[in-house]
Structures are given as structure tokens and as C-alpha cells.
Engineer: 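Following this message is one structure expressed as C-alpha cells.
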Amino acid sequence: MANPLISLTIGVMILLAGWLLFRPNRGYFWQWRQAFRNTERVLIEDALKHLYDCEYKNIPCTLQSISGALSVSGDRVAELLERLEMLGLVVSQGQLLELTDDGRSYALRIIRVHRLWERYLADKTGLSEMDWHAEAEKIEHRMTAQEANALAAKMGNPRFDPHGDPIPTASGDIPPPRGIPLTDLPDSEFAEIIHIEDEPAAIYAQLVAQGLHPGMQVQMLDVAPERIQIAADGNEVFLAPIFAANVTVQPLPEEQTVEVSGEPLSNLTPGEDATVVAISRACRGLQRRRLMDLGILPGAKVSSEMRSASGDPTAYKIRGATIALRKIQSDLIYVQKD
């Protein structure tokens, strides 16, 4: 016969385990179910974004392309697509997939949040531009349409994100694609960078390291199968074609081209004086505000005082004060030597 104490202990343990698993709202079972639902929703929304991106760029979308974009197995994507079709968000045409009107509307809501948040991070925070996309990926699945509209109004309803992608309006309107890949720009022609693709991150990091950004004027200097040479803000930049293809430009008529004046502040040697002519558009948010608070504004006089033993940072005198700037900062300030 079983010991009553042991039976009582086992019964209490079973009750405790059941309470931990199924207690209202905070039980492990409900938390697991909520996490599963959140993961499922994230996959659905990421799939819709990919489908819309293919549609916008006029390229076919298939099960394989979604699998690659979401980094999940083909079997998982097949289950996901079955769910999307049941929800009336996607229709299949043989091997090709298309968004329904409801699916397109849903995708544009997610894209609007993502690009608005990237714009906010770029303009209002000091977060590195390499982190904008990842942070926006997190918030896009949590921010409501009402919160997105409030954020847009707070920023003056911006039309483009910091990479040059158009931000859909609250009603889902978005302008058609424009521009051409940098690889298609004819020799010696001028153009303005209007978009830099932020995926894959490794290629985007290289483009950022070269100082390229939307709004910059470039000129094609040389096109070869193994490399492309352009002039950007007075500097020569060399890119592999696979990198240059991720840069979209708008060709400029001759009357709209503007010769880049000035040179980076970092070019000054100790003892040289100059006048500030501009701060690069690539300098944003808190970093730009800090430089302006230090008196680095167009027309301000600046002189190079001394360099540290390692050569970086360099001390500059401006408006009677001595400040230290690293080369990565002084590269973004353009001056005209006196």
C-alpha cells in the first residue's frame, strides 16, 4: 500500500506543476503559445515584405526566394504560404506568388513602420547607421499604425528613409521606382545617389566605409569588368561591380551638376587655416548637432593646431576654442584653405 505522505507529496507537486504551466496569463504554457504566435506573425510579415519588394522591383517571387530571404527551410515556407493563402493575403500562379490587395496593404503598413523608424534613428539619435536596419526590424512588428502616424507627424511626414527608400503614406501610396544602378551610368556622366541598398549588411558596410550616401553627387570616371571608378565629393572611389549595383543614381543634366568645392578638414596640416564650407549629409543626428554646437558651421574659420602622437585625433581651433576631432569626424567637414 502506498505511503499516504508520498502520495500527498506527489499530488502537491502535480498541482504546483500544473499551476506553473497554466496559471492565467503568466503560466509557461501561455507564454510559450504567445511566443509561438509572435514568431509566426513575424514570419508572415517578413514574407509579405519580401513579396512586396519583389513586386515593387518587378522581379519574380518564388518559394525559394522567400526561403532565402527569411532563412528558413522550404518546408516551413510551404506551411507559411498555405497559411497566407488561407488568410487571403497571397495567391499562387504556378511557381509564382502574388499579393492580394489585402496582402499588399498589410505589407505596406509594415514597410511604413520600418522606414519611419529608420528615419527616426538616423535623424534623432546617435545610433550607428550600421544598426538602423536591425533596430527597425525589431520595432516594425510591435508598433501600431496609430503610433506610426504619430511618429510621422512628429518628424514632419518625411518622404524617404535614410537609405533613399520611399516611405509609404498612411493610406498606402508609394511612388514608383526611379533611377538606374550605378553600374549603368555612362562614362563621364554626373548623377545623384538616390538610394543605397542596406542588405546584405556586408556590402552596405563597404559602401558606408567609402563615404557614399543618398544626396551625394558622383561622376563616372571609368567602367571596367573588374571595377568601377567614380568621383564623389572630390575623392576617387573604386568599387567592385557587385557593390556598385547596390547603389541607385539619378542622372543629372549638365545644368544641374555642381562642382564639389572644398576638401576634407582632415587634409589640413598643423599650422594651416581654412574656412568651413559644408558638413557632409552623411553626418546626421546627434553627431551633426554636436559639430554645429562646437561652432562648425559654413563660414567659420578653423585652423589645425596639432596632431596626437598616433596622428589621430587632431586638435583644431575654431571660434577661439580648441577641440579634438578624430579623422572619421573631420572627413565629414569640408573646408576651403585660406
Engineer: Using a distance-only test with no angle check, is there a side-chain donor-acceptor pair under 3.5 angstrom linking S73 and D75?
Structural biologist: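 Side-chain D/A pair, S73 to D75: absent.
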
Engineer: Looking at side-chain heavy atoms only, is the closest gap between R83 and L87 below 4.5 Å?
Structural biologist: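 Yes - at least one pair of side-chain heavy atoms lies under 4.5 Å apart.
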
Engineer: Could you tell me the separation between the CG atom of D187 and the CD atom of Q219, rounded to the nearest 0.5 Å?
Structural biologist: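 Here the rounded value is 8.5 Å.
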
Engineer: Quick check for you: to the nearest 0.5 Å, what is the distance between I167 atom CD1 and L108 atom CG?
Structural biologist: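 I167 CD1 to L108 CG: 12.5 Å, rounded to 0.5 Å.
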
Engineer: Does S65 have any side chain to side chain contact (heavy atoms under 4.5 Å, CB included) partners at least two apart in sequence or in another chain, and if so, which?
Structural biologist: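 Applying side chain to side chain contact (heavy atoms under 4.5 Å, CB included) to S65 gives H50, C61, T62.
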
Engineer: Are W132 and P162 close enough that some pair of their side-chain heavy atoms sits under 4.5 Å apart?
Structural biologist: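 W132 vs P162: side chains touch.
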
Engineer: Which atom pair, heavy atoms only, marks the closest approach of L239 to Q210?
Structural biologist: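 Closest heavy-atom pair between L239 and Q210: CD2-CG, 4.1 Å.
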
Engineer: Are I196 and I180 connected into the same hydrophobic cluster when the rule is that any two of I, L, V, M, F, W, Y join if their side-chain heavy atoms are below 4.5 Å apart?
Structural biologist: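 I180 and I196: one cluster.
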
Engineer: With heavy-atom distances below 4.5 Å as the criterion, would you say the side chains of V277 and P298 are in contact?
Structural biologist: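 In short, these two side chains do not touch, never coming nearer than 4.5 Å.
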
Engineer: With distance as the sole criterion, is a donor-acceptor pair present between the side chains of T275 and K301 under 3.5 Å?
Structural biologist: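 Short answer, yes.
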
Engineer: For a side-chain contact (heavy atoms from CB on, under 4.5 Å) with I296, tell me which candidate from V335, L332, L265, I333 qualifies.
Structural biologist: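 In the set V335, L332, L265, I333, the residue that makes a side-chain contact (heavy atoms from CB on, under 4.5 Å) with I296 is I333.
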
Engineer: Hey, what do you get for CZ (R319) to CG (L294), rounding to the nearest 0.5 Å?
Structural biologist: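 One gets 10.5 Å once the value is rounded to the nearest 0.5 Å.
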
Engineer: Are I110 and V77 grouped together when hydrophobic residues (ILVMFWY) are joined by side-chain heavy atoms under 4.5 angstrom apart?
Structural biologist: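 Same hydrophobic cluster.
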
Engineer: Between Y334 and P264, which heavy-atom pair has the shortest distance, and what is it?
Structural biologist: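 That would be CD2-N, 3.9 Å.
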
Engineer: Under a 4.5 Å cut-off applied to non-hydrogen side-chain atoms, are D53 and I111 in contact?
Structural biologist: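 Not touching, per the 4.5 Å side-chain cut-off.
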
Engineer: Tell me whether L182 shares a hydrophobic cluster with V237, the cluster being built from Ile, Leu, Val, Met, Phe, Trp, Tyr side chains joined at under 4.5 Å.
Structural biologist: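 As far as the 4.5 Å side-chain criterion goes, V237 and L182 are connected within one cluster.
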
Engineer: H163 vs Y204 aromatic rings, parallel, tilted or perpendicular, using cut-offs 30° and 60°?
Structural biologist: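 The rings of H163 and Y204 stand perpendicular, inter-plane angle above 60°.
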
Engineer: Any side-chain heavy-atom pair from R307 and P270 closer than 4.5 angstrom?
Structural biologist: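 Yes, close enough: below the 4.5 Å cut-off.
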
Engineer: Give the minimum heavy-atom separation between M216 and A232, together with the two atoms involved.
Structural biologist: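 Minimum heavy-atom contact is SD-CB, 3.5 Å.
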
Engineer: Nearest 0.5 Å, please: how far is CG in N157 from CG in N149?
Structural biologist: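 Nearest 0.5 Å value for the CG-CG distance: 8.5 Å.
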
Engineer: Under 4.0 Å between a Lys/Arg side-chain N and an Asp/Glu carboxylate O for R290 and D293?
Structural biologist: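 No, no charged N to carboxylate O under 4.0 Å.
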
Engineer: Minimum heavy-atom separation for A152 and R112, please, with both atom names.
Structural biologist: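 So the minimum-distance heavy-atom pair works out to CB-NH2, 3.6 Å.
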
